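Structure first, commentary second.
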Amino acid sequence: MFMGEYQHSIDEKGRMIIPAKFREALGEAFVITRGLDQCLFVYPQSEWLILEQKLKALPLMKSDARAFTRFFFSGAAECELDKQGRANIPSNLIDHAKLEKDCVVIGVSNRVEIWSKQVWESYANESEQSFNEIAEKLVDFNFDL
């Protein structure tokens, strides 16, 4: 399970250190793709295979399902860590997440997310203000803390 928030930076070649606590669980090769809310999703191979099966099960005749699957898979790239624990993030993904020098890497259960520091701070501030309202809505999903 991935959890926690870490501050890192991305260099001019698109390399970013992946937090040491995440490296073992991600394994030697993992998948980075476009995420929701203007971030990147990072999946270990085992989780990527589960997600791949779910996406394959979506109905091909539904335009929303086709569009989401195209968006998700076309942005995906298999990555490996170098000896310094860095991942080389493709430029199209850097552009999608608006990554600049300062970034935030967070653990979200079965995946890691990579955010621009500026985008993350804005998102976190907005979410924090509505956290109680969001928690109340989760009761509809039979969720209780």
Side-chain angles (χ1 to χ4, degrees), residues 1-11 14-81 85-145:
M1 178 174 68
F2 300 103
M3 61 183 174
E5 178 179 324
Y6 303 88
Q7 306 289 321
H8 283 280
S9 59
I10 189 167
D11 69 15
R15 298 175 300 191
M16 174 187 285
I17 291 176
I18 300 299
K21 291 191 177 217
F22 296 163
R23 291 180 204 156
E24 185 177 337
L26 283 173
E28 291 184 25
F30 49 90
V31 176
I32 300 178
T33 191
R34 294 180 191 112
L36 303 173
D37 303 313
Q38 211 171 23
C39 72
L40 302 179
F41 288 172
V42 184
Y43 292 97
Q45 289 289 348
S46 59
E47 290 293 333
W48 179 254
L49 293 174
I50 292 168
L51 184 58
E52 181 182 8
Q53 293 306 312
K54 289 178 181 178
L55 290 171
K56 281 182 180 179
L58 291 175
L60 185 60
M61 300 307 288
K62 297 275 190 177
S63 63
D64 288 346
R66 290 192 309 272
F68 185 82
T69 302
R70 283 183 190 125
F71 178 79
F72 208 68
F73 279 105
S74 67
E78 187 172 274
C79 293
E80 296 179 356
L81 296 175
R86 299 175 301 189
N88 193 6
I89 302 173
S91 61
N92 64 316
L93 296 178
I94 290 171
D95 292 343
H96 168 77
K98 294 186 175 13
L99 299 180
E100 296 177 358
K101 184 174 173 56
D102 295 324
C103 300
V104 178
V105 183
I106 64 172
V108 186
S109 184
N110 67 333
R111 72 176 180 273
V112 172
E113 294 182 355
I114 300 173
W115 291 77
S116 152
K117 183 177 182 180
Q118 181 179 5
V119 173
W120 170 250
E121 287 176 350
S122 175
Y123 177 85
N125 286 336
E126 287 176 28
S127 295
E128 188 172 15
Q129 291 175 6
S130 59
F131 185 72
N132 290 335
E133 293 171 23
I134 293 168
E136 285 181 25
K137 290 177 183 176
L138 291 178
V139 171
D140 295 339
F141 296 103
N142 200 23
F143 181 81
D144 192 17
L145 292 176

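Keep in mind it's a predicted model, so treat the numbers as computed, not measured. Each residue takes its place number in the sequence, starting with 1.
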Q) Heavy-atom count around Gln53 CD within 6.0 Å, excluding the residue itself: above 12? A) yes
Q | Inter-residue atom distance Trp120.CH2 - Cys103.SG, 0.5 Å rounding | A | 13.5 Å
Q.
To check you understand the geometry: which heavy-atom pair defines the closest contact between Gly35 and His96, and what is its length?
A. O-NE2, 3.2 Å
Q.
With rounding to the nearest 0.5 angstrom, report the CD to CD distance, Gln118 to Gln38.
A. 9.5 Å
Q.
Nearest 0.5 angstrom please: Lys62 NZ to Thr69 OG1, how far?
A. 13.5 Å
Q.
Minimum heavy-atom separation for Glu52 and Phe73, please, with both atom names.
A. CG-CZ, 3.9 Å
Q) What are the two closest non-hydrogen atoms of Ala77 and Pro90, and how far apart are they? A) CB-CG, 3.7 Å
Q) Within the side chain of Ser74, is there an N or O that forms a donor-acceptor pair under 3.5 Å with the backbone of Arg70? A) yes
(Q) Restricting to side chain to side chain donor-acceptor pair (under 3.5 Å), what partner residues turn up for Gln45, sequence neighbours left out? (A) Glu78
Q: For the residue pair Arg23 and Lys21, establish whether any side-chain heavy-atom pair is separated by less than 4.5 Å.
A: no
Q: Compare every heavy atom of Ala87 with every heavy atom of Phe30, then report the nearest pair and how far apart it is.
A: CZ-CB, 4.0 Å
Q) Going from CD1 on Ile89 to CD1 on Ile114, what distance comes out if it is rounded to the nearest 0.5 angstrom? A) 4.0 Å
Q.
So, taking the atom named CG in Leu93 and the one named OG1 in Thr33, what distance separates them when rounded to the nearest 0.5 Å?
A. 6.5 Å
(Q) What I'd like to find out is whether the side chain of Met16 reaches to under 4.5 Å of the side chain of Val105, using heavy atoms alone. (A) yes
**Q.** Main-chain N/O of Phe71 paired to Arg34 side chain as donor or acceptor, under 3.5 Å
**A.** yes
**Q.** Qualifying salt bridge (charged side-chain N to carboxylate O under 4.0 Å, His left out) pairs with a residue from residues 85-110, counting only residues at least two apart or across chains
**A.** Asp82-Arg86
Q. Is there a side chain to side chain contact (heavy atoms under 4.5 Å, CB included) between Glu80 and Glu28 once you walk through the steps?
A. CA-CA 6 Å; Glu80 296 179 356; Glu28 291 184 25; 5.8 Å; no
(Q) Can you classify the ring geometry of Trp48 versus Tyr43 as parallel (below 30°), tilted (30 to 60°) or perpendicular (above 60°)? (A) tilted
Q: Indicate whether any N or O donor in one side chain lies under 3.5 Å from an N or O acceptor in the other, for Glu113 and Trp115.
A: yes
Q. CZ of Phe72: more than 12 outside heavy atoms within 6.0 angstrom?
A. yes
**Q.** Lys54 and Ile50: CA distance, side-chain angles, deciding distance, side chain to side chain contact (heavy atoms under 4.5 Å, CB included) verdict
**A.** CA-CA 6 Å; Lys54 289 178 181 178; Ile50 292 168; 4.0 Å; yes
Q. With a cut-off of under 6.0 Å to the ring centre and 45° to the axis, is Arg111 in cation-pi contact with Phe2?
A. no
Q. Distance from Ile18 atom CD1 to Leu81 atom CG, nearest 0.5 Å?
A. 6.0 Å
Q. Below 4.5 Å, heavy atoms only, C-beta onward: do Phe41 and Leu36 meet side chain to side chain?
A. yes
Q. Got Ile10 and Arg15 here, is their nearest side-chain heavy-atom distance under 4.5 Å?
A. no
Q) Could you walk me through whether Tyr6 and Ile17 pass the side chain to side chain contact (heavy atoms under 4.5 Å, CB included) check? A) CA-CA 10 Å; Tyr6 303 88; Ile17 291 176; over 6 Å; no
Q) Considering all heavy atoms of both residues, which atom of Leu99 and which atom of Ser116 are nearest to each other, and what is their separation? A) CD2-N, 3.4 Å
Q: Measure across Gly14 and Ile94 and return the closest heavy-atom pair with its distance rounded to 0.1 Å.
A: CA-CD1, 3.7 Å
